[in-house]
J.: 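If you scroll down you'll find the structure; I have some questions about it.
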Amino acid sequence: MSYALAFVLGGFAGVLAGMFGVGGGILFVPVLVGLGLGQHDATGTSLLAILPTVVAGTWRQSRYGNVRWRDALVLGLASVGAALGGVFLAEALPAHVLRKLFAVLLVGVAGQIAWRARR
């Protein structure tokens with residue numbers, strides 16, 4: 001992947017993350033796979049790439065008073081162990097199975113958003 005393309009993708013993801021709180025995995029993983037990375041590599045790369053977006057978005061949202069620090073801490077701490085377990089599970093699965101499960105996740109998220117938007 002070229003650095004120019006990575007820069008554009010990062011900028012696009014940053015705008016969407018700042019506007020909607022969309023995580024990097026929803027944006028980065030499908031694009032990285034489409035650009036030729038394996039499912040496992042795209043997942044790991046996405047996890048690291050989202051860190052600067054998280055820091056910048058949280059800093060800016062906190063200036064508007066939109067961050068509930070205690071809730072974020074509880075969610076973050078609870079997710080650490082689960083993320084470690086998720087990595088273990090992902091590494092145990094073949095790439096094609098992991099890709100299909102990710103597609104199911106995307107469809108589920110899209111369905112939930114569509115359902116809530118209609119109300």
Side-chain angles (χ1 to χ4, degrees):
M1 175 168 61
S2 75
Y3 291 114
L5 184 57
F7 188 78
V8 170
L9 173 61
F12 180 69
V15 169
L16 292 178
M19 287 177 61
F20 303 118
V22 175
I26 298 287
L27 302 171
F28 287 149
V29 173
V31 172
L32 291 171
V33 168
L35 293 173
L37 264 66
Q39 187 70 34
H40 292 95
D41 291 337
T43 300
T45 302
S46 171
L47 287 169
L48 181 57
I50 197 62
L51 286 177
T53 305
V54 168
V55 170
T58 301
W59 171 73
R60 200 63 189 149
Q61 288 287 354
S62 71
R63 293 189 58 176
Y64 291 112
N66 295 333
V67 177
R68 294 184 181 193
W69 293 100
R70 182 174 293 154
D71 294 342
L73 180 63
V74 170
L75 286 169
L77 290 175
S79 69
V80 169
L84 294 173
V87 169
F88 179 78
L89 182 59
E91 285 299 313
L93 295 171
H96 73 278
V97 172
L98 190 59
R99 191 174 312 115
K100 288 176 184 173
L101 289 172
F102 187 75
V104 169
L105 172 68
L106 290 178
V107 169
V109 169
Q112 179 191 29
I113 292 170
W115 179 260
R116 289 185 177 195
R118 71 176 198 88
R119 290 191 285 170

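Quick note: residue numbers are just sequence positions, from 1.
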J.: For P30 versus L106, what's the shortest heavy-atom pair and its separation?
T.: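 That would be CG-CD1, 4.1 Å.
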
J.: Verify side chain to side chain contact (heavy atoms under 4.5 Å, CB included) between L93 and L101, making sure each step is shown before the conclusion.
T.: CA-CA 10 Å; L93 295 171; L101 289 172; 3.8 Å; yes

J.: If hydrophobic clusters are built from ILVMFWY residues whose side chains come within less than 4.5 Å, do V8 and V15 share one?
T.: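 Unlinked, V8 and V15 end up in two clusters.
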
J.: State yes or no: do L47 and F28 share one hydrophobic cluster built from I, L, V, M, F, W and Y residues joined by side-chain heavy-atom distances below 4.5 Å, directly or via other members?
T.: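 L47 and F28: separate clusters.
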
J.: Give the intermediate values and the outcome of side chain to side chain contact (heavy atoms under 4.5 Å, CB included) for residues W69 and T58.
T.: CA-CA 10 Å; W69 293 100; T58 301; 3.8 Å; yes

J.: With hydrophobic residues grouped by side-chain heavy-atom distances under 4.5 Å, do V33 and F12 end up in a single group?
T.: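 V33 and F12: one cluster.
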
J.: Determine, using the 4.5 Å side-chain heavy-atom cutoff (strictly less than), whether V31 and L98 are members of one ILVMFWY cluster.
T.: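 Per the 4.5 Å side-chain linkage, V31 and L98 are not co-clustered.
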
J.: Please walk me through it: do Q39 and V97 pass side chain to side chain contact (heavy atoms under 4.5 Å, CB included)?
T.: CA-CA 10 Å; Q39 187 70 34; V97 172; over 6 Å; no

J.: Considering residues at least two apart in sequence or located in another chain, which fulfil the side chain to side chain contact (heavy atoms under 4.5 Å, CB included) criterion with L105?
T.: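 L105 satisfies side chain to side chain contact (heavy atoms under 4.5 Å, CB included) with F102, V109 only.
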
J.: Would you check if the side chain of S79 reaches a backbone N or O of L75 as a donor-acceptor pair within less than 3.5 Å?
T.: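 Yes.
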
J.: For N66, enumerate each residue passing the side chain to side chain contact (heavy atoms under 4.5 Å, CB included) test, keeping only those at least two apart in sequence or located in another chain.
T.: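 Partners of N66 by the side chain to side chain contact (heavy atoms under 4.5 Å, CB included) criterion, ordered by chain and then number, come out as Q61, Y64.
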
J.: Can you tell me which residue pairs pass the side chain to side chain donor-acceptor pair (under 3.5 Å) test with a partner in residues 93-118, sequence neighbours excluded?
T.: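 Pairs touching residues 93-118 that pass the test: none.
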
J.: So L32 and D41, side chain to side chain contact (heavy atoms under 4.5 Å, CB included) or not? Walk me through it.
T.: CA-CA 9 Å; L32 291 171; D41 291 337; over 6 Å; no

